[in-house]
Amino acid sequence: MTDPVAGDPLVAVEGLAKAFDVSAPWLDRTLGGEGRRLLRAVADVSFTIGRGETFALVGESGSGKSTIARLVVGLIEADRGTVTIDGVAIGRVSMGRASRALKTLRRRMQMIFQDPFASLNPRMRVDAIVGEPMRAFGLARGRRRRERVAALLTAVGLDPLDGRRFPHEFSGGQRQRISIARALASEPLFLVCDEPTSALDVSVQAQILNLLKDLQAERGLTFLFISHNLAVVQHMADRVGVLYLGRLVEVAPVETVFVAPLHPYTRMLLDAVPDLSMSSRDRLRATGEIANPIDPPPGCAFHPRCPLADTRCRTEPPHLLAAGSGFVACHAVAEGRAAL
Amino acid sequence: MIAFIVRRMVQAVVVMLVVALLAFMMFRYVGDPINQMVGIDTSPAAREALRQRLGLDDPMPLQFARFVANAARGDFGVSYQFKQPVADLLAARLPATLELSIASALFALLVGIPMGVYTGLNRHAPLAKLFLAVSLVGISLPTFLIGILFIFVFAVHLRWLPSFGRGEVVDLGFWTTGLLTVSGLKALILPAITLGLFQMTLIMRLVRAEMLEVMRADFIRFCRARGLTARAIHFGHALKNTLVPVITVTGLQLGSVIAFAIITETVFQWPGMGLLFLQAVQNVDIPIMAAYLMLIAALFVAINLVVDLLYVVVDPRIRLAGRAT
Amino acid sequence: SDDTTFRYAFQGELSGLDPYTLNETFSLGTLANVYEGLIRRGPDMEIIPGLAESWEVVDDTTWRFHLRRGVTFHNGNPFTADDVLFSAERVVSEGSDLGARIPPGAQFVKLDDYTVEVRLATPNPILHSEWDAWAIMDKEWAEENGGVAVTSASAETPNYAALHANGTGPFKVVSHEVGVKTVFEANEDWWNWGDRSFNIDRVEFTPIASDATRVAALLSGELDMAYPIPVQDIPRVSANPGTEVLTGPELRTIFLGFDQDRDELLYSDVKGTNPFKDVRVRKAVYLAINEDAIAAKIMRNLATPSALMISPSLYARSGEFERLPYDPEQAKALLAEAGYPDGFSVGMDCPNDRYVNDEQICQAVVAMLAGIGIDVELNAQPKAKFFGKVLASGGYDTSFYLLGWTAGSLDSHHVIFNLNTCRNADGTEGGAFNLGNYCNPEVDALGAKILVENDPVMRDQMIFDAFTIIHDEVSHVPLHQQGLAWGKAAGVALVQRPDNKLLFDYVKK
Amino acid sequence: MSELPAVAPRGRLADSDLLAAFLRSRVAMLAALATLLIFAAAAFAPLIAPHDPYDLASLSLLDSLTPPAWRAGGTTTYLLGTDDQGRDLLSALLYGTRISLAVGFASVTFAAVLGISLGLVAGYVGGVVDAVIMRIADVQLTFPAILIALLIDGTVRGLLPGLTREESAFGVLVLSIGLSFWVQYARTVRGSTLVEASKEYVLAARLIGLSPVTIMARHILPNVLGPVLVIAAINLALAIITEATLSFLGVGMPPTQPSLGMLIRVGQDYLFSGEWWIIVFPGAMLAILVLSVNLLGDFLRDALNPKLR
Amino acid sequence: MTPVLRVTNLRVSFPTRRGVLTAVDGVSFEIAAGEVLGVVGESGAGKSLTGAAVIGLVDLPGRLAGGEVHLAGERIDILSEAEMRKVRGRRIGMIFQDPLTSLDPLKTIGQQLTETIRTHLPLGRRAARRRAVELLEEVGIPAAAQRIDAYPHAFSGGMRQRVVIALALAAEPALVIADEPTTALDVSVQAQIIAVLKRMCREHGAAVMLITHDMGVIAETADRVAVMYAGRIVEVGPVADVVRRPLHPYTAGLMAAIPSLAHRTERLAQIPGAMPRLDAIPRGCAFHPRCAEAFAKCVLARPEPAVVGASRVACFLHEAAPEPALATT
Ligand SMILES: Nc1ncnc2c1ncn2[C@@H]1O[C@H](COP(=O)(O)OP(=O)(O)OP(=O)(O)O)[C@@H](O)[C@H]1O
Ligand SMILES: Nc1ncnc2c1ncn2[C@@H]1O[C@H](COP(=O)(O)OP(=O)(O)OP(=O)(O)O)[C@@H](O)[C@H]1O
Ligand SMILES: [Mg+2]
Ligand SMILES: [Mg+2]
């Protein structure tokens, strides 16, 4: 079930699933009489992203956000499902050998990572880091490359002379700018941002978020934006998908999600956010913690924490169904039990 | 748990097979055993006959299969030099080597751990620096030289301790021990220290490094923030946490202690397996060499198993998760 | 008991208790305290009666031995002619390493319980000279315990006789842990107990391979005796209060040998010809070696430079031979004359744990030969590997080597035959230890005659002739007889024989 | 969370932290000085040594056992005296150090190259490859250096009987010491590789389609070399000691090309005999060399460990 | 009434090769009984160090370079290590950021709890264990009696942080310093932990110093808030005042930079640049290079805190007000 998209989608994710094998070694398993232990990080996730759109994924730690990001750019291979970008299906990029179409495609999508300290090779100079994608894709060489690196550094708000320095000489915010410059070096259409600001201070976060927005406007970029910070998501996204234990529980335009959330989990999340405006809202108190993904609860995985859960929720997993302006996977919503 | 042990066992068997192959292959090509077995005026024809009787003419795979099958029964053949079953010879020498190795391992642990703890806790104390310096000197001289110097000083000059041998031993039937007599204990001191010195230094430095590391861990900060006494923090929390790597290294080291006993036993004429092995190497006594290698590997595997089990005792996290690498 | 216990150490170990298993000086010497032969040798190597009280040469090929009466083995069994016959058979049986001690075809005949006759195929004037070293075993004991067969070098399981000892000698074996410790105890029932010249009642032997440890143990008073003492440590041991060193000449001669067999040396840059076949080259090597320096510096004077390959004490006319002088200039001239003005290169094999300072000697030789342009590449190895390479079993794989030899029979024939007669390719005929196959039919002929000549003067002359040829042709380069150095506690008295055997029955403490 | 440059990148010498720490530590400077001097002496041995100890023709047995120049009977020709063959001890010492260092460096390099490659591959590729490499490492650990050396020495010379010690010793030593040391590198590098490979800069490199080999060589390798440097320093010391021990056991360098260990082995024979200089000088040289290298390794370890600053 | 904690002019510095770095510089504040003081600021502002200095746990080579710390009127910064040890845990409890690493992995939580309890309270083994179970129940650990013998690794992150709270409060300290107690946790868990912490402190009447960089948490939890920048408190005052009517340009910028759920803006306000490194703190007001309202004086002199309304603020824009006596006795 693909959700309807305004216009022509750039990215289409269909029935994506990924389980990690976290079993004990074979012999232990055999002797201990245990089966395989699979960690279902992502289960049956579908969404599309239109050109120039920002699609955001939110969810608690371990809900599968990063896994989806890596699946989408092909860093890991999906067990099931497809990712199509600009009409071309993605294989695993890491292991070489790809069709020409895929190769161009690969250059058209890039990723910005969470940790500004780990995402830059400490042994390389900044201009080498930023220039590397150009080198790898054979986009520019020599003087041309140096000029383009300088231009990119300027575009992200750094001095071209900074290129001669090493990453450790920069602050976190500046490093994130370098990451962005590197991501832009191959002239991508599609950027996956996995918690690009969660390691940054608020004052710097604002700088980066603004930069991303500016770049999107300038270059018509499409974003898959991942964050656990609802306020940031609200600020950045056009549409939002809410993840719980590897499943999308709600997908809707940003206004709907934050103004009239449907899924009890979305509501709980929103209510748990401490509020700067101190409006002392009426709140749905969060209880419990995210369940163990190796052994998720049957039925709706959220049911142990859900105030609306009934027997059906405990046994039958809900499907993502159209509701309001978006989609929700919740029996209570479908049955109209959820009072808004 | 059982699975864990079985897995170790399977690994052990593989290791042993590889070692067996190595032992067999390598020693198959060292020198000519026939020369060792006979006096120098034995005729070539007699030598050839001997070669045939020993099966040294058979194809390699056959010889290896025979070797493994025999080894599995604990039969390593008869020593070329001593005309006695190698198993008996080794069994007679094993107690000496084990007593020496364990004594030196104990020495290394009992001296190394406290010194490591001390130097780790008092990083800038003069005494700690002295310990470190002295320990460095200890690993900057080859073992054999240290042994010879010990003999020179403590046996020849001061005449405090014997220079060779095991002293009086008591035969318990299955085991001969030097631990029950005064002369046996005295004879143990120099070789055990010589052999243990290197490991002691290693353990001391390891404990120190671990201690420094652990003392910076968050949970130690939290202990201090809870007002626990220094003693409780250092010995109740920090030391215990340093033990996991110490156990690993000690386990590995005990294996090499037994191997390094070759040198110490040579210097002190300690009647253990190492001495037997070195003599065997010089005399190209293949059965002894092969059996010794297999025994070392077996001991090593056994020690590893014990280390793994100790982990489980020390570290509760492993009980559930299986051993993290 | 401590002051009547004699503790000593030797560099090697006693591998088994069967005196027939290994033909090696130390084993034979040690077991000689437990087992006795028909003859014995006295403190000066003189032949004296052993279990045979007397003997006579009946004719060229018949010897008669009169056995000592009233002798018992350690287990109490009486010693009789049956034991001699049994032992003689055992010595030549398969597995024995002493077979050569009894000439082929020799027959032992029991005349009565205390008389044995030996009938030979060919005359042998020195028949009994090696007979101190084949011991008499108790027939009943061996048969009862299953020790009849000799535990051969290759035996899969040692029999009773390899692990237990039952001789007639002055000492009994109390315990034997191979490679660790062997304990002996005085035998009060020894036939010569009344005239014994020892006062110890217990002997403990420990093998200590490391020189430094052995010397240290002696210096620290833990041992009553230790041997060998490395030559450089002799002053130290002598200077140490409470210890001293007994030195003396040993019978063994150290010499260098050349491959004179192959047409092209194995390890050399000379191709197509073998320079060592040219006597001028051999002589040049001889002249280039400063044996006096070796004896003084490496052997610390504990060596007797020798012109012959036999100890002067074993050959009366040794004094008539002289070493070639050290003369590198003449050596160079000879080399040039032989066609090697710039020298040549050759590989040298040398043991490094067999003889006194063997490797150092080789190194010195290498340096000295470098002086005349011969570039020697030294391959010094432990004896096991060395012998494996250079002996018949290794195909005489050597071009130039160092070796030591003791005339086992204490007679020159041993040297002439084993080291200097032509041999066949695999050493089964001729001088098996003539590694380089020096070959001169004249020497061979002389050797054959010497063996059967019963007239001492004639015999000595023939030996003289043979040695003269060997000397002139530089079949080998004799270096020296190495010295013996035994360290002992000052209060201990013992006899040092040139055969390097330690006899407990001369030990006084 | 910190905006500060957290950990200065490890191991860059230009990095002022390392240099400053070094300038502060008198011990480290002294050790470095000693190491440098010894290295230089070894490197320039042919230029500074008064005699050529390999020129056998120049040896005179009659000059052997000459005591050092300042002792009675000594001569200035042989400043530190001569050994049992009349070899100038000072020259032998210089050349011996050269050989010991050569063995040390060669075997450490061999071990490091082998260990680093295997560790990188094991850590980066993972799976069966990793399991196999690490099991081999386990087996390897069963055999300490001296056992391996005895094995290899025996095997090599058993297989190639014509080979003399002169020809084979160096290779055998390097092979056996190297083989017994590689595990440490492999384990360390594998560990760091696992950490580095999961870092996002490696993901970024994979994303632009670089080949695994390029990624390992260009991105991961430089970042895992820090700890390797420390291991290498300490291994160098250990290798020199091991070589000495092997010489003692009779499988070291040949006496005609004596290393420090061989000189000690020879000198050992003169421990009781009064010619103390034959053992004392090589022994002291070895101790100083190994101690200095160890001290430097220690210093590096502490200085490169950000947690101990 | 004497405040539970009064800190005056606290300075913490680190001697380094490049000179002495002052990481906390002239910090003064106080906390009354039952009060929650929030301390906010960007990373590296000196929040944690201030907390560590109060409890006497500044790691070497750092040291207290000046100022005084009074606990319930008693000066504690000059106590010996042995005396200080009795203060820690007993009178001041501390909670660290990461519950995963705060607990000794090799000891059961029961062992860690009873050990702490018995260090400070004269209880027997059994009594201490009973108390430990009670504490665990109090912080909301289900089936506490069974789970007390489990090892830390058997607990989830949120549960662990509850255990850490129980440990910090085991001896009923008068002051609790919580250093980012929820940063490592998810939002849904964070709310629960904050609730537990608040409830526990209220019930035990403890004063709380809540260190965090999350303005939202402060807004919901604290009574008063201190805003730190580059080692100094730039503004301290009642939460409502600071959040709604920030006085200091930095506070104002910070508030505007935080995206809010309540009102969506197209662009966030941003403060240019980043907080200076310790070794490069500008002269004058440390914030002036980033401050839109800076004027000449800001570059030259360092503003002292001045009382404005219920707040105190260190900014020349608010200099006018006369400085009252600091003490409120
Ligand atoms: N390589 C892997 N092997 C095993 N399990 C994995 C692996 N990568 C992720 N997981 C597990 O998959 C689940 C989803 O992980 P993922 O990183 O996608 O979560 P996330 O939503 O990004 O969380 P966070 O907010 O912490 O980054 C988690 O339970 C995680 O432990
Ligand atoms: N041991 C130390 N040596 C040198 N500087 C230190 C040390 N410990 C802390 N600092 C510095 O002191 C300053 C204040 O640190 P502190 O930990 O108090 O910051 P914080 O406000 O708690 O930051 P965060 O939000 O990252 O926890 C920082 O600049 C930090 O780098
Ligand atoms: Mg993630
Ligand atoms: Mg902090």
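As the structure is a computational prediction, the values presented were derived from the model and not from experiment. Order of the sequence lines fixes the chain letters, A, B, ..., with proteins taken first and strands second; residue numbering starts at 1 for each chain.
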Based on non-hydrogen pairs under 4.5 Å, which of E:Pro272, E:Gly158, E:Gly216 is most in contact with chain A? E:Gly216
E:Gln270 versus A:Ala206, closest heavy-atom pair with distance: OE1-O, 4.0 Å
Give a yes or no on whether the backbone of A:Ser61 and the side-chain of E:Asp186 come within a donor-acceptor separation of less than 3.5 Å. yes
Is atom CZ of E:Arg283 surrounded by more than 12 heavy atoms (other residues, nucleotides or ligands) closer than 6.0 Å? no
When you measure from the side chain of A:Asp201 to the backbone of E:Glu42, do you find a donor-acceptor pair of N or O atoms at a distance under 3.5 Å? no
Do A:Ser171 and E:Met275 come within less than 4.5 Å of each other through their side chains, counting heavy atoms only? no
Measuring heavy-atom distances to chain A, does E:Ala256 have an atom under 4.5 Å in its side chain, in its backbone, in both, or in neither? neither
Could you tell me which portion of A:Asn229 (side chain, backbone, both or neither) has an atom closer than 4.5 angstrom to a non-hydrogen atom of chain E? neither
Taking side chain as everything from C-beta outward and backbone as N, CA, C, O, which of these in A:Leu230 sits under 4.5 Å from a heavy atom of chain E? Side chain, backbone, both or neither. both
Turns out that what part of E:Leu254 lies under 4.5 Å from chain A's heavy atoms comes down to side chain
Can you tell which of E:Gly253, E:Gly140, E:Ala257 has the highest number of heavy-atom pairs within less than 4.5 Å of chain A? E:Ala257
If you round to the nearest 0.5 Å, how far is CG of A:Asp214 from CZ of E:Arg267? 4.5 Å
Atom CZ of E:Arg162: over 12 foreign heavy atoms under 6.0 Å: yes
Compute whether any side-chain donor of one residue and acceptor of the other, for A:Arg305 and E:Ser188, lie under 3.5 angstrom apart. yes
Keeping the roles fixed (side chain from A:Gln207, backbone from E:Ile271), state whether a donor-acceptor pair exists under 3.5 Å. yes
Is the count of non-hydrogen atoms from other residues, nucleotides or ligands lying under 6.0 Å from E:Arg290 atom CZ greater than 12? yes
Look up atom CG in E:Leu268 and atom NE2 in A:His235, then write down how far apart they are to the nearest 0.5 Å. 3.5 Å
Checking heavy atoms, do the side chain of A:Val259, its backbone, both or neither come under 4.5 Å from chain E? neither
